[in-house]
Asker: 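This structure is in structure tokens; I'll ask about it shortly.
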Amino acid sequence: MNVTEAVASRRSVRQFLDKPVDQEILERVLAKAQRAPSGGNTQPWNAVVLTGAPLADLTAKIKAKVTSAPLGDGHEYDIYPKDLEGRYEEQRRSIGKAMFDSLGLAREDSAGRIAQVAKNWDSFGAPVQLFTYTAKYMGPPQWSDMGMWLQTIMLLLREEGLDSCAQEIWAMYGTTMRALLNIDDDHIFFCGMAIGYRDADAAVNNFTVPRVEIDQAIRWDGF
């Protein structure tokens, strides 16, 4: 698989097969991903990779937290800006609608939509979670570096026939996540990434995910 194919075939997968992932594959991917760029070669990313009983235990504890505090508890950053607007907010809303439509969940079906969102806490059936964090004093440039590292991982996973879903939703319980992962107070939890094999037949993995044309995001000068 070349880079173009990896980029084109990568998507946020929200239903995985019940199939384990070999640690050897993950080690190979993560070793290669260390070549991701970072300002000053700071490499500000850190992660914990869970599967099996440790992941099941963390999942159960977070689901109990969700029951007692459904709107989150211990946020350490805003997942979306409070004043998100324009095409950015429109794109956020439209992709949510497309996902629910693919599952036949109407706007008025609150229970069905809540149940779908709750699948986040089971990693959409993925057997592996990669939880990322960084030092609290890191700024926006280093957070950008973490994003480049995560994207590198996602593309390398595609090369291995694997898929992923980056999940910032775990940050709704950021301080709890740090406690469960034994991450000290000098660090901030960023996100999870579900990793596994895609259920290619699942409707939620097959709806169209549009992107804006480049003339809406890019300005050219001097060409």
Side-chain angles (χ1 to χ4, degrees), residues 12-16 44-85 88-89 91-97 99-100 103 105 107-147 149-151 153-154 164-196 204:
S12 294
V13 168
R14 292 185 174 86
Q15 187 166 328
F16 291 85
W45 48 79
N46 300 272
V48 179
V49 185
L50 297 184
T51 192
L55 178 56
D57 180 63
L58 180 143
T59 296
K61 289 173 178 174
I62 284 294
K63 288 169 79 171
K65 190 75 172 177
V66 172
T67 299
S68 63
L71 298 181
D73 179 48
H75 299 70
E76 296 187 290
Y77 71 91
D78 292 327
I79 294 175
Y80 298 107
K82 292 182 173 63
D83 56 354
L84 191 67
E85 61 181 4
Y88 309 112
E89 174 64 3
Q91 287 156 192
R92 187 185 73 85
R93 289 181 178 274
S94 65
I95 198 61
K97 181 179 184 302
M99 180 189 72
F100 288 128
L103 295 165
L105 296 172
R107 184 181 181 85
E108 58 272 14
D109 186 359
S110 297
R113 290 186 171 213
I114 290 172
Q116 174 59 33
V117 172
K119 291 181 180 180
N120 274 280
W121 311 120
D122 289 308
S123 304
F124 302 111
V128 175
Q129 266 286 351
L130 183 147
F131 292 114
T132 302
Y133 62 100
T134 192
K136 281 187 175 177
Y137 61 74
M138 294 297 182
Q142 288 74 48
W143 282 65
S144 173
D145 294 340
M146 279 198 295
W149 176 69
L150 290 169
Q151 171 75 338
I153 291 171
M154 288 188 274
S164 61
C165 183
Q167 296 175 276
E168 291 170 315
I169 195 170
W170 296 92
M172 290 175 60
Y173 304 94
T175 55
T176 298
M177 288 297 297
R178 284 198 292 106
L180 293 174
L181 294 168
N182 295 313
I183 299 170
D184 63 46
D185 292 341
D186 291 334
H187 290 80
I188 183 170
F189 176 81
F190 179 25
C191 70
M193 182 190 289
I195 298 172
V204 76

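It should be emphasised that the depicted structure is a prediction, and the values quoted were computed from it without experimental measurement.
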Asker: For the atom pair CZ (Arg107) and CZ (Arg113), what is the distance rounded to the nearest 0.5 Å?
Answerer: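 Spacing of CZ (Arg107) from CZ (Arg113) equals 6.5 Å.
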Asker: With sequence neighbours left out, write down each residue that passes side chain to side chain donor-acceptor pair (under 3.5 Å) with Asp78, or none if nothing qualifies.
Answerer: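 Only Lys82 meet the side chain to side chain donor-acceptor pair (under 3.5 Å) criterion with Asp78.
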Asker: Test side-chain contact (heavy atoms from CB on, under 4.5 Å) on Phe124 and Gln167; report intermediate values, then the result.
Answerer: CA-CA 10 Å; Phe124 302 111; Gln167 296 175 276; 3.6 Å; yes
Asker: For Tyr77, does the OH atom have more than 12 heavy-atom neighbours from other residues, nucleotides or ligands under 6.0 Å away?
Answerer: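 Enclosed.
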Asker: OH of Tyr88 to OH of Tyr80: how many Å apart, nearest 0.5 Å?
Answerer: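 One finds 15.0 Å between OH of Tyr88 and OH of Tyr80.
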Asker: Let me confirm one number: the OG1-CH2 distance from Thr132 to Trp149, rounded to the nearest 0.5 Å.
Answerer: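 That separation rounds to 4.5 Å.
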Asker: Nearest 0.5 angstrom please: Asn120 CG to Met172 CE, how far?
Answerer: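 One gets 9.5 Å once the value is rounded to the nearest 0.5 Å.
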Asker: Taking Gln116 for the side chain and Phe100 for the main chain, is one N or O donor matched with an acceptor at less than 3.5 Å?
Answerer: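 No; judged by distance alone, with no hydrogens or angles, the pair does not exist.
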Asker: Kindly give the heavy-atom pair with the smallest separation between Ala126 and Gly196, and that separation in Å.
Answerer: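 Answer, listing the atom of Ala126 first, then Gly196: CB-N, 4.4 Å.
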Asker: Go through the steps to decide whether Leu150 and Trp45 satisfy the test side-chain contact (heavy atoms from CB on, under 4.5 Å), and finish with yes or no.
Answerer: CA-CA 9 Å; Leu150 290 169; Trp45 48 79; over 6 Å; no
Asker: Under the 3.5 angstrom rule, does the side chain of Tyr173 hit a backbone N or O of Ala69 as a donor-acceptor pair?
Answerer: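 Answer holds: yes.
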Asker: Identify the two heavy atoms, one from Val13 and one from Cys165, that lie closest to each other, and give their separation to 0.1 Å.
Answerer: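 Scanning both residues, the minimum pair turns out to be O-CB, 3.2 Å.
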Asker: I'd like to know whether NZ of Lys136 has more than 12 heavy-atom contacts from other residues, nucleotides or ligands below 6.0 angstrom.
Answerer: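 Atom NZ in Lys136 is packed in, count exceeds 12.
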Asker: Mind checking what makes side chain to side chain donor-acceptor pair (under 3.5 Å) contact with Ser123, not counting sequence neighbours?
Answerer: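 Side chain to side chain donor-acceptor pair (under 3.5 Å) check on Ser123 returns Gln129.
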Asker: Out of curiosity, Leu50 CG to Ile195 CD1, how far, rounded to the nearest 0.5 Å?
Answerer: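 Going from the CG atom of Leu50 to the CD1 atom of Ile195 covers 10.5 Å.
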Asker: Give the intermediate values and the outcome of side-chain contact (heavy atoms from CB on, under 4.5 Å) for residues Met99 and Leu105.
Answerer: CA-CA 9 Å; Met99 180 189 72; Leu105 296 172; over 6 Å; no
Asker: Of all residues at least two apart in sequence or in a different chain, which pass the side chain to side chain donor-acceptor pair (under 3.5 Å) check with Arg178?
Answerer: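 For Arg178, the residues satisfying side chain to side chain donor-acceptor pair (under 3.5 Å) (neighbours in sequence not counted) are Glu76, Asp185.
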Asker: Taking only residues two or more places apart in sequence or in another chain, which ones pass salt bridge (Lys or Arg N to Asp or Glu O under 4.0 Å) with Asp83?
Answerer: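 Result, salt bridge (Lys or Arg N to Asp or Glu O under 4.0 Å) vs Asp83: none returned.
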Asker: Say whether, by atom type as modelled, one donor and one acceptor occur between the side chain of Ser164 and the main chain of Met154 under 3.5 angstrom.
Answerer: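 The answer is no, because no donor-acceptor pair under 3.5 Å joins these two groups.
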Asker: Residues in side-chain contact (heavy atoms from CB on, under 4.5 Å) with Arg93, at least two apart?
Answerer: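 Scan of Arg93 (side-chain contact (heavy atoms from CB on, under 4.5 Å), adjacent residues dropped) gives Glu89.
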Asker: Go through Leu181 and Tyr133 one step at a time and tell me if the side-chain contact (heavy atoms from CB on, under 4.5 Å) criterion holds.
Answerer: CA-CA 10 Å; Leu181 294 168; Tyr133 62 100; 6.0 Å; no
Asker: Of all heavy-atom pairs between Met138 and Thr134, which one has the smallest distance, and what is that distance?
Answerer: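 Smallest interatomic distance, heavy atoms only, reads CG-OG1, 3.4 Å.
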Asker: Can you pull the side-chain hydrogen bond (donor to acceptor under 3.5 Å, both in side chains) pairs that have at least one residue in residues 61-73, sequence neighbours excluded?
Answerer: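 For residues 61-73, and leaving out neighbouring residues, the side-chain hydrogen bond (donor to acceptor under 3.5 Å, both in side chains) pairs sorted by first residue read Asp57-Lys61, Lys63-Asp122, Lys65-Asp73.
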